[in-house]
Every structure is written in structure tokens, then in C-alpha cells.
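These notes concern the structure reproduced below.
Counting starts at 1 for both ligands and their atoms, following the listed order.
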Amino acid sequence: MRTIDWIPADDAEREPGRGFIRLVDQTLLPDSLVELDIHDLDVLVDAIQRLAVRGAPALGVAGALGVALAAQNLPADLARQAIAELREARPTAVNLAYGVDTALAALERGGALAALEAALRVRDADIAACVAMAERGTDALTRLIPDRAALTVLTICNTGALAAVEHGTALGVVAKLHRDGRLVRAIACETRPLLQGARLTAWELGRMGASYDVIVDSAAAITLARGGVDAVLVGADRIAANGDTANKIGTFAVALAAARAGVPFLVVAPETTIDPATPNGDAIEIEDRGGAEVRFFRGVRVTPPDATALNPAFDVTPADLITAIVTDARVIDVVAGDTPASDTPAARPVAAETTE
Ligand SMILES: CSC[C@H]1O[C@H](OP(=O)(O)O)[C@H](O)[C@@H]1O
């Protein structure tokens with residue numbers, strides 16, 4: 001099953017490049033697995049904004065395929081406007097803009113078919129990147145925690161195949177640990193208010209047959225303080241040049257607790273999530289999703305009628321709380337002082353000294 005993909009139209013032989021986007025509607029999980037066929041860009045933008053499709057890598061693919069969809073269905077001037085709205089559908093994950101810009105450059109160079117071909121390359125690159133990150137991430141854990149063959153890991157939000165195309169980022173590392181017989185247990189923070197952890201990560205862990213517990217987000221600190229968690233693995237939506245990392249709200253608090261508990265904190269994200277144009281975390285725009293997601297739970301109001309709520313969808317973990325950033329091309333040894341900007345993109349093992 002792919003979280004998002006391009007489906008060629010029946011007459012694609014006659015009209016190469018025609019097709020539509022098919023994606024899993026994640027708002028219906030874990031109760032129903034439903035795929036949406038999307039033929040119009042405004043429907044795709046709505047799917048992004050209501051998190052039917054979500055997760056930085058999946059947003060990159062959605063952005064790229066959205067350009068291909070616009071190019072085949074809209075006249076150039078309307079396509080340009082629709083693509084601009086698509087690019088701004090959610091501001092924090094740099095991957096969305098990356099995907100749109102990659103396919104748009106191809107469209108301007110070579111037309112609609114070139115845009116689709118570029119979008120399919122973005123899709124295929126994500127699949128390959130997640131495979132590489134799973135390998136690199138488990139190797140990094142072996143170097144960081146050489147005395148423990150099997151690990152208990154904690155994560156927040158959802159970073160599995162549902163956040164990408166076929167395999168996940170941080171949860172892709174967890175899945176490989178499980179396949180290799182090296183996973184004792186996964187602990188998934190529920191991830192209020194939209195419950196990506198309780199709904200999506202738990203669903204993915206169950207499907208792979210992994211042992212896991214869901215915890216409320218505020219239990220992460222004591223879970224780490226009590227001991228028994230060997231590593232924290234999280235995703236990212238935008239990584240600044242200095243290594244500051246934007247990720248789901250609650251990640252910063254988990255990083256603080258991990259640092260106090262002496263537990264390695266690893267960010268797992270493709271190179272496309274690194275944004276060299278963003279110097280540090282202060283420059284990352286944090287999506288505010290409005291108070292209703294906090295004041296209501298599955299349509300039931302949980303606050304007084306006149307309550308107001310704050311709802312930042314992401315926070316920023318400063319680089320000094322991150323042990324390493326694992327990408328598809330390298331392991332950035334942040335605790336040793338490396339940053340995305342300073343580290344060469346060659347594969348670099350996490351230095352042994354990080355365990356001293
Ligand atoms: C594999 S990165 C997924 C990343 O995206 C999530 O945000 P959202 O569910 O709002 O799209 C979260 O930050 C995850 O870490």
C-alpha cells in the first residue's frame with residue numbers, strides 16, 4: 001500500500017501523463033482505511049489542510065504530484081494561481097515547497113509530461129531515502145548504544161509510511177529494528193490534539209506486529225526519567241542550517257526530558273527536510289491551526305463554550321538537545337558540534353566519542 005501515488009488514467013497510452021492522485025485519508029484511521037482519488041487541485045489542498053495527507057515527506061510528494069495535476073487540468077494562468085495556493089497550504093514542512101518547486105521547474109522547462117516525470121522522481125526518491133535512513137539509523141543506534149542489542153524507543157507524532165510513501169523516517173528505523181529482532185518495545189506519544197501517535201503510529205506498529213504502548217504526551221518526561229528508554233527517535237518538518245529542528249508540537253518537551261535523562265535523541269529526516277536558507281529555529285514559521293482542534297475532541301466540546309485556545313502545530317528543538325540527525329545521505333553528529341551546514345554530505349558514522 002502506498003500512502004500517496006499517481007494513478008495513470010485509462011487512456012494514458014493515448015494521452016501520456018494523464019492521471020490522478022490516490023492517497024490514504026488519514027483522518028479516518030485507525031477505524032477505516034479509505035483511499036481518495038483526487039482529480040482537482042482544490043481537493044488536494046483541502047486534503048493537505050485537514051491532514052488527510054500529512055507528514056513532511058508525503059507533503060513533498062503531494063506538492064509535486066499536485067503540480068502535475070494542475071498542469072494536465074488547468075490553463076496556464078489558473079494553474080499558476082492554484083499551484084501558488086498549493087505551495088502555501090501548510091507553511092512549516094519545507095518539503096511541500098520543495099516538491100512544488102521541483103515539479104514547477106520541470107513544468108516550465110518541459111511542459112506537463114516533464115512535470116509528472118519530475119513528480120514521480122520525487123516520489124521514488126522518497127521511497128529510496130526512507131530505506132537508506134532505516135539502515136543508517138539502526139547503524140547509528142548500534143554505535144550510540146553498543147552495549148544493548150535490543151532497544152526500547154520512544155517517539156512522537158507519526159513518522160511511518162503514512163508520513164511518506166511506502167516506508168517511514170523515524171518509524172522506518174523502528175520498523176527495521178523490529179524486523180531485525182532488535183526492538184523490545186516502542187512507546188508512542190499520543191500527540192494531541194490530532195492524535196497522530198495514538199491513531200496512526202499505533203496502527204502502523206500494530207500492523208508490523210511490534211510491541212508498543214501509547215502514552216499521553218505529558219507522560220513522556222517521567223517515562224524517560226524512570227529509565228528503560230534507550231533512545232528517542234523523531235521526525236522533522238524543517239531542519240535549519242544550524243541543526244535546530246521543527247517537528248510536531250511536544251517534541252521540544254521530549255527533547256528536554258531526554259537530555260535530562262541522558263537518553264540519545266535522534267532526528268530522522270531526508271535531506272529534503274534540511275533547509276539551508278533557514279539559518280536557525282527562530283526563522284522557522286510555526287503553523288497555528290486555530291483553537292477548535294484543542295477545544296473540541298471528535299466534535300465534542302471539552303472546554304467551556306467561551307474558552308479560547310492556543311494551537312501551535314509544531315515546536316523547535318534547539319540543536320544542543322539533539323544527539324544526531326540521520327538522513328538518507330549522512331549522520332550529522334550534532335552532539336559533537338556538526339551541523340547540516342558544516343557537515344559534509346558524505347556518510348559519516350556517529351562518532352564513538354558521543355557515548356563517552
Ligand atoms: C516523517 S516527518 C512527519 C512529521 O510531520 C508531522 O506533522 P503533521 O502530522 O502535522 O504533518 C510531524 O511533525 C512528524 O514528525
>> Test of understanding: given a 4.0 Å heavy-atom threshold, classify the contact between Lys248 and ligand 1 as side chain, backbone, both, or neither.
In response: both
> Looking only at atom types and distance, does a side-chain atom of Asp230 sit under 3.5 Å from a main-chain N or O of Thr152, one as donor and one as acceptor?
Replying inline: yes
>> Taking 4.0 Å as the limit for heavy-atom contacts, which would you say applies to Ala236 with ligand 1: side chain only, backbone only, both, or neither?
In response: backbone
>> Looking only at side-chain N and O atoms, does Asp25 offer a donor or acceptor that is under 3.5 Å from a partner on Thr27?
In response: yes
> Near Ala163, which atoms of ligand 1 are under 4.0 Å from a heavy atom of that residue?
Replying inline: 1 (C), 3 (C)
>> Yes or no: does Pro57 have any heavy atom under 4.0 Å from an atom of ligand 1?
In response: yes
> Do any nitrogen or oxygen atoms of Arg90 come within less than 3.5 Å of a nitrogen or oxygen of ligand 1?
Replying inline: yes
>> Under the side-chain contact (heavy atoms from CB on, under 4.5 Å) test against Thr223, which residue among Val263, Ile187, Asp213 passes?
In response: Ile187
>> Looking only at protein heavy atoms, which one is nearest to atom 1 (C) of ligand 1, and what is the separation?
In response: Thr169 OG1, 3.2 Å
> What protein heavy atom sits nearest atom 9 (O) of ligand 1, and how far off is it?
Replying inline: Arg54 NE, 2.7 Å
>> Can you name the atoms of ligand 1, numbered from 1 with element, that are less than 4.0 Å from a heavy atom of Cys157?
In response: 6 (C), 9 (O), 12 (C), 14 (C)
>> Distance under 4.0 Å to a non-hydrogen atom of Ala56: what atoms of ligand 1 satisfy this?
In response: 2 (S), 3 (C), 5 (O)
>> Can you confirm if the NZ or CZ of Arg199 lies within 45° of the ring axis of Trp203 and under 6.0 Å from the centre of its six-membered ring?
In response: no
>> If the cut-off is 4.0 Å to any non-hydrogen atom of Gln196, which atoms of ligand 1 fall inside it?
In response: 8 (P), 9 (O), 10 (O)
>> Can you report which non-hydrogen protein atom sits closest to atom 14 (C) of ligand 1, along with the distance?
In response: Asn247 OD1, 3.5 Å
> Is it true that Arg22 and Asp37 make a salt bridge, defined as a side-chain N closer than 4.0 Å to a carboxylate O?
Replying inline: yes
> Counting each atom of ligand 1 from 1 as listed, which ones have a heavy atom of Leu51 under 4.0 Å away?
Replying inline: 10 (O)
> Minimum heavy-atom separation for Arg238 to Ile284, with atom names?
Replying inline: O-CD1, 3.8 Å
>> Under the salt bridge (charged side-chain N to carboxylate O under 4.0 Å, His left out) definition, can you give me all pairs with a residue in residues 93-106, not counting sequence neighbours?
In response: Arg87-Asp101
> Under 3.5 Å, N or O to N or O, is Gly55 touching ligand 1 that way?
Replying inline: yes
> Which atoms of ligand 1 sit under 4.0 Å from any heavy atom of Asn158?
Replying inline: 3 (C), 14 (C)
> Closest non-hydrogen protein atom to atom 4 (C) of ligand 1, residue and atom name please, with distance?
Replying inline: Asp237 OD1, 3.5 Å
>> Does anything in residues 39-90 form a ring-ring contact (aromatic ring centres under 6.0 Å, His included)? List the pairs, not counting sequence neighbours.
In response: Phe20-His39
> Which atom names give the shortest non-hydrogen contact between Gly66 and Leu44, and what distance separates them?
Replying inline: CA-CD2, 3.5 Å
> Do you know which two heavy atoms are closest between Thr155 and Val234, and how far apart they sit?
Replying inline: OG1-CA, 4.4 Å
